[in-house]
Amino acid sequence: MDIDTLLGALGVALPAQGAHMLEVTSPIDGAPLAKVAMQTEADTREAVAAAQRAFEQWRMVPAPKRGELVRLFGQVLRANKEALGRLITLETGKILQEGLGEVQEMIDICDFAVGLSRQLYGLTIASERPGHRMMETWHPLGVCGVISAFNFPAAVWAWNAALAVVCGDSVVWKPSEKTPLTALACAALFERACVAFGAAPPGLLRVLIGGRDIAARLVEDGRVPLISATGSTRMGREVAPRVAARFGRALLELGGNNAAIVAPSADLALALRAILFAAVGTAGQRCTTLRRLFVQREVYGELVPRLIEAYGRVRVGDPLAPDTLVGPLIDEPACRSMQSALASAREQGGTVHGGERIAVPGREGGWYVRPALVEMPAHGGIVCDETFAPILYVMRYDTLAEAIAQQNAVPQGLSSSIFTLDMREAETFLSAAGSDCGIANVNIGPSGAEIGGAFGGEKETGGGRESGSDAWKNYMRPATNTVNFSTDLPLAQGVRWDL
Ligand code: UN1
């Protein structure tokens with residue numbers, strides 16, 4: 001299916017020309033895919049105004065009814081999974097399996113949000129005063145600004161949008177400039193669900209295609225109580241203070257520098273498979289990608305040569321080809337930053353296996369690389385930086401305490417894993433004195449989380465929690481209510497104040 005047919009099937013209508021057009025190319029071969037119109041700062045203000053009007057209506061629609069819209073959106077996604085998954089592959093270069101997986105992740109969060117639409121539970125609270133009742137009620141928050149990255153161009157928006165919509169909010173979405181087509185397709189599919197629903201206010205979802213100027217206007221807009229931003233720590237450092245300066249809420253999913261520990265008792269065959277998927281899957285361009293591996297000295301000699309051998313066999317190539325496991329990097333700068341990280345690793349005494357650019361016949365315009373495994377003499381230096389590419393730094397350790405300390409000794413705190421069959425080690429890793437990350441796993445890799453759990457991490461990862469668990473509370477405001485059903489007026493804390 002060519003791109004025009006695909007976009008047509010997804011309901012995306014692109015203007016033939018406009019004042020400011022953005023050319024979208026595919027990382028698969030560098031070829032142009034389409035041109036999309038870019039929005040202006042004035043468009044941003046208008047979109048927020050429309051979203052605010054939509055919010056004022058939407059907040060009064062009962063939550064289970066709002067869930068109905070999200071249920072319909074999930075149905076539309078199911079019917080268009082193949083097409084949207086393919087578009088994601090064309091625009092990001094992730095393999096088709098992962099493009100489809102991303103759409104499944106959207107469907108999953110819709111299902112989760114539908115259930116949640118009947119479970120936006122508040123509290124009843126015992127009052128200290130006779131004839132009084134206290135409660136906590138969760139109300140819709142307002143316009144949610146969503147800023148998303150190229151690597152999960154649809155799912156991360158869906159985590160936010162599905163929850164925001166059942167919570168009674170409207171959404172203004174600024175996707176990555178590298179993946180505007182996926183965003184426009186998501187918006188068109190959402191619009192289909194709105195039509196089927198019948199009574200969704202216009203402006204419930206607005207998409208803004210543009211650059212940092214647009215994002216900056218959204219971030220600074222006092223009518224947007226929540227900014228949910230996914231991207232680099234550098235981006236988060238710009239967003240967070242601006243949102244804080246106007247007392248908005250920021251929900252941040254920033255960098256990760258995720259580690260795994262392989263203990264002596266580990267099931268090495270299982271660990272090998274898990275490590276490979278986590279380190280090279282999505283060409284190392286997940287925020288949860290495995291980037292650091294700590295292998296206990298006793299099993300290093302058995303595991304690491306097998307890993308190096310497996311790295312050599314990973315099929316890199318066209319992400320649409322059914323047997324490909326690793327597609328291209330997103331663009332040339334990504335390839336350059338990978339090469340410069342590898343050069344630094346060599347300078348720091350690392351032994352690099354793989355990492356070179358690969359020529360894929362017929363796909364010369366794409367930036368394909370052999371994933372790199374780098375044996376490092378010690379933890380530190382370049383290993384502590386997140387390079388958004390398939391580089392796995394491997395180090396030896398002696399004691400679990402040392403491995404945990406090193407895994408925690410980076411600025412980021414997103415995801416982590418331990419491979420062990422020793423219950424004491426596993427529980428230590430999961431304990432308060434163990435991994436300092438938002439996600440800590442046992443005998444699976446750090447990437448590929450399900451939507452049911454809260455997703456996010458600590459330190460420079462930004463502290464936000466999205467998706468499952470009680471992440472919905474980010475999209476609502478709690479109100480504490482005290483009701484006096486007595487004829488008296490007792491004051492709290494027993495204060496006497498009589499006229
Ligand atoms: C991201 O890379 O921004 O856990 C999100 C995972 C996916 C989401 C990744 N479910 O790897």
Side-chain angles (χ1 to χ4, degrees), residues 77 85 88-89 91-95 97-112 146-163 173-176 178-179 182-183 186 228-236 239 251-260 274-291 325-327 329-330 334 386-390 392 412-417 435 437-442 444-457 460-469 471:
L77 289 170
I88 291 171
T89 289
E91 221 179 13
T92 64
K94 65 173 69 175
I95 62 170
Q97 268 302 306
E98 293 191 54
L100 295 171
E102 178 155 1
V103 183
Q104 187 57 48
E105 191 160 353
M106 303 171 79
I107 294 168
D108 293 345
I109 192 70
C110 285
D111 287 356
F112 181 88
V146 178
I147 298 173
S148 61
F150 78 85
N151 66 330
F152 272 80
V156 170
W157 162 74
W159 296 350
N160 285 280
L163 295 191
W173 179 18
K174 156 65 183 87
S176 163
K178 293 171 187 169
T179 53
T182 300
C186 289
S228 174
T230 302
S232 64
T233 295
R234 184 191 55 72
M235 179 274 287
V239 168
L251 175 50
L252 302 173
E253 299 292 356
L254 310 175
N257 193 350
N258 316 298
I275 290 164
L276 260 187
F277 174 72
V280 315
T282 332
Q285 299 173 114
R286 285 193 193 215
C287 52
T288 49
T289 291
L290 175 61
R291 307 196 182 281
L325 294 176
V326 173
L329 292 173
I330 187 70
E386 179 194 34
T387 303
F388 219 58
L392 179 65
Q412 311 84 353
L414 180 56
S415 191
S416 58
S417 300
S435 166
C437 293
I439 301 172
N441 296 335
V442 177
I444 67 162
S447 71
E450 301 176 19
I451 58 89
F455 184 94
E460 289 190 2
T461 301
R465 291 297 187 280
E466 293 183 353
S467 188
S469 183

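Just so we're clear, the structure is a prediction, and the values are computed from it rather than from any experiment. For ligands, and for the atoms within them, numbers begin at 1 and follow the listed sequence.
- In this structure, F112 and S467 approach most closely via the heavy-atom pair CE2-O, 4.1 Å.
- Given atom 10 (N) of ligand 1, the protein heavy atom at minimum distance is E105 OE2, 2.9 Å.
- Between the E386 side chain and the G256 main chain, a donor and an acceptor come within less than 3.5 Å of each other.
- Shown in contact with A449 at under 4.0 Å from a heavy atom are these atoms of ligand 1, numbered in order with element: 4 (O), 6 (C), 10 (N).
- Ring pair W159/F455 is tilted by interplanar angle, where 30° to 60° counts as tilted.
- Looking at N151 against ligand 1, only its side chain comes within 4.0 Å, counting heavy atoms.
- Annotation: atom 7 (C) of ligand 1 to nearest protein heavy atom, R286 NH1, 3.6 Å.
- Considering only non-hydrogen protein atoms, atom 9 (C) of ligand 1 sits nearest to F152 CE1, 3.6 Å.
- Scanning all protein heavy atoms for the shortest distance to atom 11 (O) of ligand 1 gives T288 OG1, 2.6 Å.
- Taking all heavy atoms of G448, A155, S148 into account, the minimum distance to atom 6 (C) of ligand 1 is reached by G448.
- The shortest non-hydrogen separation linking S447 to A278 is OG-CA, 3.7 Å.
- Summarising the geometry of E91 relative to I330, their closest heavy-atom pair is O-CD1, 3.9 Å, with the distance given to 0.1 Å.
- Residue C287 places at least one N or O, backbone or side chain, under 3.5 Å from an N or O of ligand 1.
- Taking SG from C287 and CG from N151, the interatomic distance works out to 6.0 Å, rounded to the nearest 0.5 Å.
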